[in-house]
Amino acid sequence: MSRGATRLHGPAWLSGALHLFILAGAAHSERPGVWPWALFAMAAVSFFAWIANYRRYRQIHDLPTSRIASAAQGYVELFGRCETPPGAPLASPLSATECCWHAWRIRRRNSRDEWETVDSGRSVAPLLLVDDSGRCLVMPEGAEVLSGHTKTWRQGEREYTEWLLLRHTPLYAIGAFATTGADAVAAREERRALAALLADWKRRPAELHARFDLDRDGQISLREWELARLDARRELGRRRAAAPAAEDEHTMQRPRDGRLFLLANELPERIGVRYRRWGWAHLALFFALGGAGLWLLRLPAGA
């Protein structure tokens with residue numbers, strides 16, 4: 001495992017990756033006149049990337065870090081450590097590395113001796129952000145992820161790469177935060193437990209009929225089934241009395257209003273600086289590429 005350059009798993013144009021596709025398309029074109037328009041296209045991408053990166057920088061810079069237990073409902077910033085939910089271990093698909101989140105890419109060389117992606121993906125299983133006040137279940141689907149833990153290796157003509165968020169490492173998150181009260185959590189868990197217990201009884205019909213087929217007609221009537229449900233609730237009540245009391249449940253997911261949803265294994269200050277630098281770099285590219293495109297357009301034909 002190595003800690004390489006931080007990789008953004010989000011819109012490719014934010015970090016300039018889209019420029020490479022435009023350059024590749026222009027390089028494969030046999031018409032010299034395509035280059036000014038390729039430069040204009042890259043300048044346009046840089047302009048919007050500058051705006052997007054600056055917005056991300058301001059959102060990170062302006063939003064104070066909250067503690068999980070006292071965070072307001074809505075759009076918040078959290079910082080703690082990364083963990084997996086109890087009983088839900090996760091391993092990366094290529095190297096089987098234990099982690100909280102992973103993304104992967106498999107590339108191979110094509111007939112032009114260029115790398116092309118043949119498979120890629122990322123996990124969507126929930127992970128935990130834990131601080132000294134509590135824990136928050138994070139749903140990573142739709143998140144931009146800044147991951148610096150990478151592993152790359154080659155086998156034959158194929159290259160395998162993984163990006164990971166590892167357990168016990170720092171985790172920064174900004175997104176839509178919500179809290180479900182302890183009473184609602186307990187009621188939800190009771191419904192799940194009741195359904196599971198009744199399903200278990202149904203898988204053992206002999207015992208079910210022995211307990212609840214009161215008229216011995218070989219059928220469980222609606223009245224008898226209701227008695228079974230009442231008995232299941234009493235059993236769950238006895239279990240609940242011996243179990244720890246339910247706690248508030250905190251979750252974070254992608255905001256519905258389109259605001260930034262970001263997960264990263266770096267300090268917030270460093271992440272903000274990164275977006276600010278990307279923004280200034282794209283602004284400089286906007287002027288440089290636009291100017292170069294105009295200069296090429298003004299060249300005499302055949303020059």
Side-chain angles (χ1 to χ4, degrees), residues 3 5-19 43-83 100-101 103 122 124 126-149 163 165 169-180 248-287:
R3 185 175 177 86
T6 300
R7 169 69 183 266
L8 171 68
H9 292 270
W13 47 272
L14 282 177
S15 56
L18 190 55
H19 290 73
V45 170
S46 284
F47 177 76
F48 288 107
W50 164 61
I51 295 175
N53 277 291
Y54 183 74
R55 286 181 60 191
R56 283 159 172 76
Y57 163 69
R58 293 308 314 179
Q59 287 174 325
I60 294 171
H61 183 269
D62 295 344
L63 196 63
T65 302
S66 300
R67 298 171 75 249
I68 293 173
S70 57
Q73 304 298 287
Y75 195 62
V76 303
E77 173 185 284
L78 302 175
F79 184 75
R81 73 176 187 274
C82 195
E83 300 289 350
C100 300
W101 176 91
R122 50 187 283 169
V124 295
L127 59 144
L128 283 176
L129 189 156
V130 182
D131 67 13
D132 60 359
S133 72
R135 57 180 57 194
C136 176
L137 192 65
V138 181
M139 315 299 181
E141 187 170 6
E144 295 177 18
V145 182
L146 282 168
S147 168
H149 296 281
W163 296 270
L165 295 179
T169 59
L171 180 62
Y172 169 81
I174 182 171
F177 179 86
T179 298
T180 302
D248 291 349
E249 182 181 82
H250 309 286
T251 60
M252 177 178 282
Q253 59 186 350
R254 183 178 185 177
R256 295 183 179 180
D257 58 8
R259 282 187 289 182
L260 176 65
F261 180 28
L262 176 69
L263 304 177
N265 54 5
E266 293 187 63
L267 295 172
E269 296 79 10
R270 295 185 61 183
I271 300 168
V273 168
R274 186 183 305 277
Y275 278 118
R276 185 177 62 185
R277 288 176 177 172
W278 279 346
W280 285 116
H282 277 294
L283 185 61
L285 281 173
F286 166 69
F287 287 110

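Along the sequence shown, residues carry numbers from 1.
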- Item | Side-chain heavy atoms of Tyr75 within contact of Ile174, under 4.5 Å | yes
- Note on the structure: For Gly134 and Ile68, the nearest pair of non-hydrogen atoms, with its separation, is O-CD1, 3.4 Å
- Query: If you measure from NE2 on His61 to OH on Tyr54, what distance do you get to the nearest 0.5 Å?
  - Reply: 9.5 Å
- Over all atoms of both residues, closest heavy-atom pair of Leu127 and Cys82: CD1-SG, 3.6 Å
- Message: I want to check something: taking the side chain as every heavy atom from C-beta on, are Val138 and Trp101 in contact at a cut-off of under 4.5 Å?
- Response: no
- Task: Give, for atom CG of Leu283 and atom CZ of Phe47, the distance between the pair rounded to the nearest 0.5 Å.
- Result: 9.0 Å
- Between Thr180 and Thr251, is any pair of side-chain heavy atoms under 4.5 Å apart? no
- Query: So do His282 and Asn53 actually touch side chain to side chain, heavy atoms under 4.5 Å?
  - Reply: yes
- Item | Closest contact, heavy atoms only, Ser46 versus Phe286 | CB-N, 3.9 Å
- Message: Donor-acceptor pair, distance only, cut-off 3.5 Å: does the side chain of Ser133 make one with the backbone of Ala69?
- Response: yes
- Are Met252 and Val76 close enough that some pair of their side-chain heavy atoms sits under 4.5 Å apart? yes
- Task: State, to 0.1 Å, how close Leu129 and Leu171 come at their nearest heavy-atom pair, and which atoms those are.
- Result: CD1-O, 3.7 Å
- Message: Contact between Pro140 and Val145 at the side-chain level, heavy atoms closer than 4.5 Å - yes or no?
- Response: no
- Hey, is Glu83 close enough to Arg135 for a salt bridge, meaning N to O under 4.0 Å? no
- Any donor-acceptor N/O pair, Asp131 side chain to Leu78 backbone, under 3.5 Å: no
- Fit a plane to each ring of Trp278 and Tyr275, take the angle between them on a 0 to 90° scale, and name the class: parallel (under 30°), tilted (30 to 60°) or perpendicular (over 60°). perpendicular
- Task: Report yes if some heavy atom in the side chain of His250 is under 4.5 Å from a heavy atom in the side chain of Phe177; otherwise report no.
- Result: yes
- Value for CD (Glu266) from OG1 (Thr169), rounded to nearest 0.5 Å, stands at 11.0 Å
- Task: Test Leu260 against every option in Gln59, Arg58, Arg55 by the side-chain contact (heavy atoms from CB on, under 4.5 Å) rule and name the one that passes.
- Result: Gln59
- Measure the CZ-CH2 distance between Phe287 and Trp50 for me, rounded to the nearest 0.5 Å. 7.5 Å
- Item | Chi angles and distances behind the side chain to side chain contact (heavy atoms under 4.5 Å, CB included) call for Ile60, Tyr172 | CA-CA 10 Å; Ile60 294 171; Tyr172 169 81; 3.6 Å; yes
- Message: Would you compute the distance between atom CG of Leu146 and atom CG of Asn265 and round it to the nearest 0.5 angstrom?
- Response: 8.0 Å
- Task: Quick one: closest heavy-atom pair of Gly175 and Phe261, and the distance?
- Result: CA-CD1, 4.0 Å
- Task: Sort out for me which residue in Arg254, Arg122, Arg274, Arg56 forms a salt bridge (charged side-chain N to carboxylate O under 4.0 Å, His left out) with Glu144.
- Result: Arg56
